[in-house]
Amino acid sequence: MTARNTYVRPMTGWYRRNPHFVAYMLRELTAVFLAAYAGMLLAGVIALSRGPEAYAAFQEFLASPLSVGLHVLIFIAAVYNAYTWFRISPKAMPPIKLAGKRVPDRVIVVSQFAGCAGVFIVMLLLAGGL
Amino acid sequence: MQVVSTDVAIIGGGGAGLRAAIAIAESAPELKVSLVSKVVPMRSHTVAAEGGSAGVTTDVDTLDLHFHDTVAGGDWLCDQEVVDYFVEHCTEEMVQLEHWGCPWSRQESGHTSVRNFGGMSTARTWFAADKTGFHMLHTLFQTSMKYPSISRLDEYFACDLLVDDGRCQGLLAIEVATGDFVRVEARAVIMATGGAGRVFRQNTNAGILTGDGMGMAYRHGVALRDMEFVQYHPTTLPGSGILITEGCRGEGGYLTNKDGYRYLQDYALGPVVTEPTPKTMELGPRDRLSQAFWHEQQKGRTIDTPLGPAVHLELMHLGQKKLAERLPFIMELSKTFLGIDAASQAIPVCPSVHYTMGGIAADGTTATALPGLFACGECSSVGIHGANRLGSNSLAELAVFGKLAGENAAAFAREQAPTRSLERAASESEASALAILSRQDGTERLASIRDDMTQAMSDGIGIYRTADGMQATCDVLDGLVDRLAHVRLDDSNRAFNTEWLGAIELGFSLDVARAMAYSALNRRESRGAHVRLDEYDGRDDQQFLRHTLAVFEADAPPRIEYSNVNITRLPPAERVYGAAAKTTGDLANA
Amino acid sequence: MKRMKRSNEPIFWSLFGAGGVVASMVAPALVFITGLALPLGLLAPEALGYERMRALVGSLPGALLLFVVISLTLWHTMHRINHSLHDVGINAGLAGKVVFYGLAFVGTVATAYFLFVARR
Amino acid sequence: MPDRREIDIEVMRYNPETDSEPHMQTFRVPFDEDTSVLMGLQYIKDHLDGSLTFRWSCRMAVCGSCGKMVNGVPKLSCKAFLRAYYPGKLRIEPLEHFPIVRDLAVDQTDFLEKLEAVKPWIIRKEEKPLSEGTYLQTPEEMADYQQFSSCINCLLCYSACPQYGLDNAFTGPAALSLLHRYNADSRDEGKSERMPLVNSEEGVWGCTLVGYCSEVCPKQVDPAAAVNRNKVNSTMDYFLRFLTPRGGVDS
Ligand SMILES: Cc1cc2nc3c(=O)[nH]c(=O)nc-3n(C[C@H](O)[C@H](O)[C@H](O)COP(=O)(O)OP(=O)(O)OC[C@H]3O[C@@H](n4cnc5c(N)ncnc54)[C@H](O)[C@@H]3O)c2cc1C
Ligand code: SF4
Ligand code: F3S
Ligand code: FES
């Protein structure tokens, strides 16, 4: 009797094998930068709670080349994360129906991009204008 | 050798086999069912059926009309009592499939729809877009999973029936993954192995359709009936033979020749109509349409494509929306295999072998002459298709007769004593299967024998036939039997040896091919799909309103015998389509 | 068939999802303003000066906004990092959950506390 | 034939009776405009090496037998064409994430068990007698599940899903799509029987929305959507079980 002798291939390095997986891992990697940013904001709140000197020191840090460099990376990560999130979100929400017809995924994606751009402008205006 | 003991064994997990399994599980839940299939059931070729399945439903339709269409379509070679049973049970089966979840296409009201099909007097073909067989098969397969009494032997290749005491008591199978033999002992066996289109070169069939079941039954003395009737489907892709469903024409597609002319009007199928009209023009029966293609080719009015002559199937006038809704698979196929958008370009099509009207001789209850062996689906000949099957009758057939085979096999199994020892029969079959594998002195390549067989069949058993051509085919086939005995395989392993299984399949195919060729040679008339160009170019009811029976002879060509056709209420008449059909339709209504 | 155990993932997935919406909708703008525009002088320095920030935190909507952005971003990212460990073949299991969701929890509490302090 | 060209096809070989691990073997295969990858493999089997093992059947992209990794991408080999890879060479491997039985044939039993586990059949509290005819279902109601019912079980999505590769306890994209197909069918009343699987760690929660499954699916089933929409369903089920009088379906 011949035994069933199957071969199972290893998964090592799977994320390097296909551009789609590389993109996926980059998407997941954005979390590290966004976490750093959340930490940064938290640090700002802590500085604020400690008074003007502490807050000034925090602001000084923000202006340092190290911080600016880091924020460039964080910004790229944030934009990439947003891009992937909007593109894939129709898959993760119940189908939206208008007058019995399903709203096409494309419409949902595009409106999210538009929404994000709107938020960007409003926030810039708020920060700069007031 | 492993042994599996069961009550009913079913060979074949296509629509027919699955329907039979469910029928047993529902009518006799205490019986164990073993479903043996060389591919996982949902891979069976029922999956590829596109157009639809017949069942009388609309107010203008009647069982009588369906009966009349089927019998006339089959050129009166149908057993009329069986056709009566068939048409009475089609609709119920379609409703049953709906209850099991089959996504039949619907009207706005929520009721199921029907479409027109070739040779049918009115719209009566139930459809699930153009993936009807796919949805039927997956519905049946998934539904079958809910019955604990059904156990599956997926990817087990049946290589012989086990017969003892004059009764079929099981089968021998090879577990594909390991090459191990398994003896399946059963009180009744149902054969549901599908068609045998692969014995021809250009065909619409899947690679698995090598006629195994027909060959197995045949070698055990069950006759193969009406094997000369092989249907050529008029609209398939040149080269590959991939099917472009008749549903295209049911929805209103046109066939045009190289001058853009709707040539069917020249072949007694007119008048030219712009809307799909039953039994007229593109909705004539398949044999007539394939013959018309042949004549166009003779007249030099076909289109040359790199893969052979073709005519055009035009769907452009149906509009993108309708095509996307009704014929999405055809759109996909033309994009993939031709690189064209069928909404804006015509599809080149030509006839290919499609369906085996004949098969394992069985009566209207699906019982064969070998006690304990039942047959249903395309491998069987229960007597409803005659000399030419109407499109959409075979999906209905596998549901109606699959169920009947299940119920009858279950009833039979209940009355049988436990199986006797089949060890000896099994080890003999095992030895002959293993002999192919261990042969070292062979010289013949498997593929070249196969290619020679398919070429000979396509040459001699075509749309039009002559005595010389058929004789030549018979001669080639006789020679191939010897050559197969000298085949040499590259693969001597047991595990997943598809070359070995291919050699066993080719043995069955050759037997089936010979049954077809000799049956054809001996039918000295023209009827339905068997049309001769020599002196036998007309129908001869006097001599040949009879079924052909090909009986297996070891080491010799088949013995050809004849049996009577059961004619109860519709005497033979001329088959008429186009303008002439109207009156006949009215007659059947009366 | 073995009985299926209900996963607690819905709790973390909801927070992850909410965080994802926040992160993708506001993070790009926020990072640009706080981390780039301001330090690089594209905005006036007092735009995010101490006084204005005190005022922001002092208003209830402002405080809530900051709280939501920081905490949900933490839940979002910790969830992802936890899963990524599995992706690269590290099976942290329960320990991973404890560490990463623990961090998110601590971050959430800290944000609430310091916002509270800053508002006084 | 005007454009008869030749291409190198490198195929993975594995013989369970003699090999401890797979190796690659290269064949030179003639082709033209219409030669599919499957036909290339058939050419090898017929003319060069009859022991090359692979599954196929319909050769028209509907039976789901012939999936292979073609240059690292899961494809139906009958639906991919050699011309698209020329003049480069072709590397054909068995579908990823499944145990190799022999050469290009993989063991698909795990999927079949998963399929059965989602109860892919209509569950009714009360059957309607056949004599009363069909159930009514409007085209709009059909649209809720039709796409998910077009899965041909080709397993390409499983080969595309690293989460299934990392942990094959995950029910996976196609089985979950079919689960959703029945839950979303207006004739079905079996949702509560299927939710425990959806809600489990092996259910939808094994997915991290890699999304590649939907990209490789040859039938536009969009399994990623089926899986991830059920994360919403599962989450609702998780929280609402405390609110609804009947309690959660898992209770
Ligand atoms: C492309 C195409 C389109 C069609 N369209 C239509 C249509 O629109 N309407 C219509 O009415 N009819 C149509 N037909 C015909 C119809 O689909 C078939 O007649 C029908 O599906 C046959 O079903 P079956 O169950 O008999 O066999 P199949 O579905 O072919 O199944 C055969 C089974 O037998 C098994 N088997 C075979 N040999 C062995 C062995 N040695 N050991 C173990 N198992 C074995 C196989 O594994 C398989 O499970 C079409 C046919 C084709 C080819
Ligand atoms: S979901 Fe798509 S890729 Fe997956 S098995 Fe079904 S058809 Fe194949
Ligand atoms: S690839 Fe896998 S992780 Fe999810 S979205 Fe598809 S199932
Ligand atoms: S052979 Fe059937 S899907 Fe490719």
Side-chain angles (χ1 to χ4, degrees), chain C residues 1-28 64 67-69 71-105 107-109, chain D residues 97 110 112-120 160-171 175-176 179 191-212 227-243 247-251:
Chain C
M1 187 79 219
K2 75 175 180 341
R3 203 175 148 66
M4 294 283 158
K5 205 168 140 279
R6 187 190 274 275
S7 167
N8 288 320
E9 200 71 3
I11 301 173
F12 305 113
W13 185 76
S14 318
L15 290 165
F16 159 79
V21 173
V22 169
S24 36
M25 273 293 170
V26 300
L64 276 180
F67 175 73
V68 164
V69 169
S71 64
L72 285 185
T73 302
L74 280 172
W75 284 103
H76 174 76
T77 56
M78 290 304 131
H79 178 83
R80 267 208 166 146
I81 294 171
N82 182 33
H83 276 283
S84 297
L85 283 187
H86 176 251
D87 289 352
V88 296
I90 302 168
N91 268 323
L94 185 64
K97 277 196 171 166
V98 170
V99 170
F100 290 107
Y101 296 132
L103 274 174
F105 181 74
T108 300
V109 172
Chain D
H97 307 150
D110 186 51
L112 290 165
E113 280 162 19
K114 291 190 157 128
L115 178 62
E116 188 162 341
V118 306
K119 304 194 183 208
C161 177
Q163 297 306 344
Y164 177 71
L166 289 164
D167 179 2
N168 60 24
F170 174 38
T171 305
L176 287 167
L179 182 150
K191 190 170 178 186
S192 60
E193 289 187 37
R194 300 190 190 96
M195 280 318 276
L197 175 58
V198 172
N199 293 334
S200 71
E201 214 59 65
E202 296 79 20
V204 292
W205 300 111
C207 163
T208 55
L209 195 32
V210 176
Y212 195 37
V227 176
N228 285 281
R229 284 183 194 148
N230 274 295
K231 288 183 182 165
V232 180
N233 292 344
S234 178
T235 302
M236 306 244 275
D237 192 77
Y238 189 88
F239 291 111
L240 292 184
R241 76 194 143 136
F242 301 116
L243 299 181
V249 291
D250 195 29
S251 53

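Lettering of chains follows the sequences in order, A, B, ..., and the numbering in each one begins at 1. Computed from a predicted structure; not experimentally measured.
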Notebook entry, point to check: Would you say D:Tyr238 and C:Ser7 make side-chain contact, with heavy atoms under 4.5 Å?
Noted result: no

Item checked: Heavy atoms from other residues, nucleotides or ligands near CZ of C:Phe105 exceed 12 (cutoff 6.0 Å) -> no

Notebook entry, point to check: Between C:Ile11 and D:Phe239, what is the shortest heavy-atom contact and its length?
Noted result: CA-CZ, 4.0 Å

Item checked: Interatomic spacing from CG in D:Asn199 to CE in C:Met4 - rounded to 0.5 Å -> 11.0 Å

Checklist line | chain C contact via D:Gln163 - side chain, backbone, both or neither, heavy atoms under 4.5 Å | finding: side chain

Next item on the list: Please report the shortest heavy-atom distance between C:Ser14 and D:Thr235, naming the atom on each side.
Entry: OG-CG2, 3.4 Å

Checklist line | Under 4.5 Å from any heavy atom of chain D - which part of C:Asn91 | finding: neither

Checklist line | chain C contact via D:Val232 - side chain, backbone, both or neither, heavy atoms under 4.5 Å | finding: both

Next item on the list: To the nearest 0.5 Å, tell me how far D:Asn228 CG sits from C:Trp13 CH2.
Entry: 7.0 Å

Checklist line | Side-chain touch D:Val204/C:Glu9, heavy atoms, less than 4.5 angstrom | finding: no

Next item on the list: Heavy atoms only: give me the nearest C:His86-D:Asp167 pair and the separation to one decimal.
Entry: NE2-CB, 4.4 Å

